Amino acid sequence: GESVGLHLPTLSVQEGDNSIINCAYSNSASDYFIWYKQESGKGPQFIIDIRSNMDKRQGQRVTVLLNKTVKHLSLQIAATQPGDSAVYFCAENNGSNFGNEKLTFGTGTRLTIIP
Amino acid sequence: EAQVTQNPRYLITVTGKKLTVTCSQNMNHEYMSWYRQDPGLGLRQIYYSMNVEVTDKGDVPEGYKVSRKEKRNFPLILESPSPNQTSLYFCASSLSPGVMDQPQHFGDGTRLSIL
């Protein structure tokens, strides 16, 4: 999984399968987390967010899981499609503020969907 | 259509020649922010603004200036660009930091090359 400062990891998944992208965060005071998707040549696009008082949150085909004990965040994408191929970033707010005016981003994971 | 617009999208220039990257949003967002994206380092925040005439430093503000005279515009100014500012830059805006499902919307990026 990704973490700040590490080389960009990659993940290849067969179309139709589920994928799980992991993110380790370092600041136990962080209380807000976001997942973004970035396609080639475009800016990051919001996928889903979660607060530290939640363990799980679901969206359309995506689920974010938060494990505060081990400071781990994951993004599950169900029934992957070719359009899911992109770089995925997690971000945390470092607990320094109420919301997300200062975010720290991970380095990203490149997800490739194999047709 | 709700969007964040950056200009220019691409720029090659020389050391020391002042440049401005414009950012405009049409969503009446209070919060705006600038990031740079470098390989292996992810997105790093340069400056952000909570509202008109309110700006604050992010994690990597050195060599940059910003202004927020109007709600919709948040230009990034490089007074004396240097080669280490060669990067991909993103502007983002949001309605209000910390509100769930009201994340930052990103522009499509400006690729700057400083020779």
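Side-chain atoms are counted along with the backbone in the values below, which use heavy atoms only and exclude waters and symmetry mates. Just so it is clear, the model here is predicted, and its values are computed rather than measured. Here is the naming used below: chain letters follow the sequence lines, and residue numbers restart at 1 for every chain.
Between chain B and the options A:P44, A:G59, A:G41, A:A91, the largest number of non-hydrogen pairs under 4.5 Å is found for A:P44.
Going from atom SG of B:C23 over to atom CH2 of B:W34 covers 5.0 Å, rounded to the nearest 0.5 Å.
Using a cutoff of 4.0 Å between basic side-chain nitrogens and carboxylate oxygens, B:K65 and B:E79 are scored as salt-bridged.
If you measure heavy-atom distances from A:Q38 to chain B, the contacts under 4.5 Å come from the side chain alone. When heavy atoms are compared at a cutoff of 4.5 Å, B:R9 approaches chain A solely by way of its side chain, counted from C-beta outward. If you measure heavy-atom distances from A:I50 to chain B, the contacts under 4.5 Å come from the backbone alone. Looking at B:Q37, the atoms closer than 4.5 Å to chain A (heavy atoms on both sides) all sit in the side chain, from C-beta outward.
The aromatic rings of A:F33 and A:Y25 sit tilted, their planes meeting at an angle between 30° and 60°. By the 30° and 60° cut-offs, the orientation of the rings of B:F106 relative to B:Y35 is tilted.
Side-chain N or O atoms of A:N18 include one that pairs as donor or acceptor with a backbone N or O of A:A79 at under 3.5 Å.
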